[in-house]
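Note sheet for the following structure.
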Amino acid sequence: MRGALVLLAGLWLAGCAQPVPEGVRMALAALPNTLDPRYATDAASSRLCRLLYAGLTDFDASARPVAALADWARLSPERYRFTLRADRAPFPDGRLPDAEDVAATYRSILDPATASPHRGTLAHIRDIAVLGPDTLEFRLTRPDVLFPGYLSLGVLPADKLAAGHDFNRAPFGSGPFRFVDRVGAGRLRLRRVGDGLLVDFTQVPDPTVRVLKLQRGEVDLLQNDLPPELIDYLAGLPRVRVERRPGTTFAYIGFQLEDPVVGRAAVRAAVAHAIDREAFVRHLFGGNAR
């Protein structure tokens with residue numbers, strides 16, 4: 001039993017201020033630590049990298065892996081074949097991502113010299129074989145039915161990887177947004193490919209200040225990182241809309257299975273039964289969890 005407690009919560013708050021000519025303004029508790037998907041682990045980095053880069057797979061509303069850049073087939077318990085989709089979006093230079101780009105991205109992640117924090121999750125990849133411009137296979141050292149879900153990391157162009165390109169400072173992906181610029185240490189801007197919409201992300205660490213900026217019309221969007229009392233306050237304002245969606249944040253209790261006490265299934269079951277989940281949801285999360 002990996003976890004005795006699972007909590008999922010997601011919020012999206014939209015302020016109904018007058019539109020601004022330069023686009024949409026969003027306040028974040030923290031800006032991303034990196035815009036290179038090989039190193040993205042914090043929430044802000046992971047979310048913005050998903051805007052800038054496309055991965056082989058993505059997730060549906062139920063958190064199940066679905067095809068993104070590629071469809072896949074499980075040829076055997078240790079062998080997965082991916083075929084890139086014809087309708088995939090190009091890199092900023094107009095070139096379509098190909099199988100060599102995918103292979104180069106994951107070989108870079110698996111290279112110890114890269115020091116990617118995602119290497120451990122993918123360490124059971126035995127080799128990656130490019131079978132053609134649009135087809136490649138991942139061969140594993142052990143069966144893993146969850147493997148496609150690990151391949152949502154953004155794909156990087158092989159030529160820029162070979163040249164040592166700094167993807168943190170100059171992101172170069174085939175996602176639905178393009179990097180525009182950074183403004184000082186607390187602001188960055190992206191532009192949506194489809195319609196040119198500019199989205200301005202500004203760091204505002206204090207949640208009360210973020211709420212005040214939304215209320216005054218200085219920003220248009222907030223997402224998560226707010227205590228329940230502030231969410232309830234915003235929900236009561238006539239010019240603010242609060243939207244709730246299932247999220248991917250979860251909490252769990254991990255047990256050392258070699259321990260003579262908690263290594264016993266009956267003890268872990270007792271801990272699980274002892275946790276009052278309804279009280280956590282009601283009092284700690286203000287009903288914004290499950």
Side-chain angles (χ1 to χ4, degrees), residues 20 22-58 68-69 88-122 128 150-205 210 219-225:
V20 291
E22 55 267 38
V24 175
R25 302 158 300 173
M26 184 171 184
L28 302 177
L31 288 183
N33 290 328
T34 180
L35 294 178
D36 186 331
R38 295 173 297 170
Y39 302 99
T41 56
D42 62 284
S45 298
S46 299
R47 289 169 181 163
L48 265 69
C49 280
R50 286 169 63 84
L51 299 179
L52 292 165
Y53 304 90
L56 286 180
T57 62
D58 205 339
L69 274 178
R88 62 192 183 275
F91 288 122
D93 60 4
R95 184 176 68 81
L96 292 179
D98 60 23
E100 291 289 353
D101 298 317
V102 177
T105 298
Y106 283 94
R107 286 168 183 160
S108 174
I109 292 170
L110 292 170
D111 184 350
T114 304
S116 169
H118 300 291
R119 179 171 175 259
T121 304
L122 300 167
I128 304 169
Y150 302 152
L151 303 182
S152 62
L153 298 174
V155 171
L156 307 172
D159 56 344
K160 289 192 176 294
L161 279 168
H165 180 81
D166 188 343
F167 292 97
N168 177 40
R169 292 184 176 274
F172 200 92
S174 61
F177 283 76
R178 297 284 187 262
F179 177 76
V180 176
D181 59 16
R182 296 179 188 266
V183 183
R187 184 179 167 202
L188 63 85
R189 299 188 298 173
L190 307 182
R191 190 176 298 280
R192 190 161 58 188
V193 175
D195 59 6
L197 176 71
L198 185 69
V199 183
D200 191 315
F201 298 91
T202 302
Q203 179 173 319
V204 183
R210 289 201 303 278
V219 298
D220 306 300
L221 293 171
L222 307 179
Q223 185 185 27
N224 288 344
D225 296 309

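In this text the structure is predicted, and so the values were computed from the model without any measurement. Computed over heavy atoms, backbone and side chain alike; hydrogens, waters and symmetry mates excluded. Numbers here are sequence positions counted from 1.
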Any side-chain heavy-atom pair of Asn224 and Arg47 under 4.5 Å: yes
Is a side-chain N or O of Arg119 found less than 3.5 angstrom from the main chain of Thr114, in a donor-acceptor match? no
Q | Short side-chain donor-acceptor distance under 3.5 Å, Ser174 and Arg88 | A | no
To the nearest 0.5 Å, atom CG of Leu35 lies from atom CZ of Phe179 at 6.5 Å
- [ ] Go through the steps to decide whether Leu28 and Gln203 satisfy the test side-chain contact (heavy atoms from CB on, under 4.5 Å), and finish with yes or no.
- [x] CA-CA 5 Å; Leu28 302 177; Gln203 179 173 319; 5.7 Å; no
* To do: Keeping the roles fixed (side chain from Arg25, backbone from Asp220), state whether a donor-acceptor pair exists under 3.5 Å.
  => no
Atom CZ of residue position Arg169 - does it have more than 12 heavy atoms of other residues, nucleotides or ligands inside 6.0 Å?
no
Closest non-hydrogen atoms of Pro157 and Arg95, given as atom of the first, atom of the second and distance, are CB-NH2, 3.5 Å
Interatomic distance, CG@Asp200 vs CG@Leu188, rounded to 0.5 Å, equals 8.0 Å
Here the gap from Leu156 atom CG to Asp36 atom CG, rounded to the nearest 0.5 Å, amounts to 6.0 Å
Test item: His118 side-chain N/O and Ala40 main-chain N/O as donor-acceptor pair under 3.5 Å: yes
Keeping Arg178 on the side-chain end and Gly173 on the backbone end, is there a donor-acceptor pair under 3.5 Å?
yes
Tightest non-hydrogen contact, residues Pro117 and Thr41, listed as CG-CG2, 3.5 Å
One should read off an interatomic distance between Thr105 OG1 and Arg107 CZ, to the nearest 0.5 angstrom, of 10.5 Å
Practice task
Check the pair Arg210 / Asp225 against salt bridge (Lys or Arg N to Asp or Glu O under 4.0 Å), numbers first and verdict last.
Solution key: CA-CA 10 Å; Arg210 289 201 303 278; Asp225 296 309; 5.1 Å; no
On a heavy-atom basis, the closest approach of Phe172 and Pro92 is CE2-CD, 3.6 Å
When rounded to the nearest 0.5 Å, the distance separating CG of Leu153 from OH of Tyr53 is 11.5 Å
Practice problem: Could you go through the side-chain contact (heavy atoms from CB on, under 4.5 Å) check for Arg38 and Phe167 one step at a time? | Solution: CA-CA 9 Å; Arg38 295 173 297 170; Phe167 292 97; 4.0 Å; yes
Ser45 meets the side-chain hydrogen bond (donor to acceptor under 3.5 Å, both in side chains) criterion, sequence neighbours left out, with Asp42
In short, Val183 meets Arg189 closest at the heavy-atom pair CG2-NE, 4.3 Å
Checklist line | Test side-chain contact (heavy atoms from CB on, under 4.5 Å) applied to Asn168 and Tyr39, step by step | finding: CA-CA 9 Å; Asn168 177 40; Tyr39 302 99; over 6 Å; no
What one should report as the nearest heavy-atom pair of Leu31 and Phe201 is CD2-O, 4.0 Å
dist Asp181:CG -> Leu190:CG (nearest 0.5 Å) comes out at 9.5 Å
Check your understanding: Are Leu198 and Val180 side-chain neighbours, meaning at least one heavy-atom pair lies under 4.5 Å?
Key -> yes
Minimal heavy-atom distance between Asp195 and Leu197, with the atoms involved, is OD1-N, 3.1 Å
Checking Ser152, Ser46, Cys49 against Pro37 for side-chain contact (heavy atoms from CB on, under 4.5 Å), the one that qualifies is Cys49
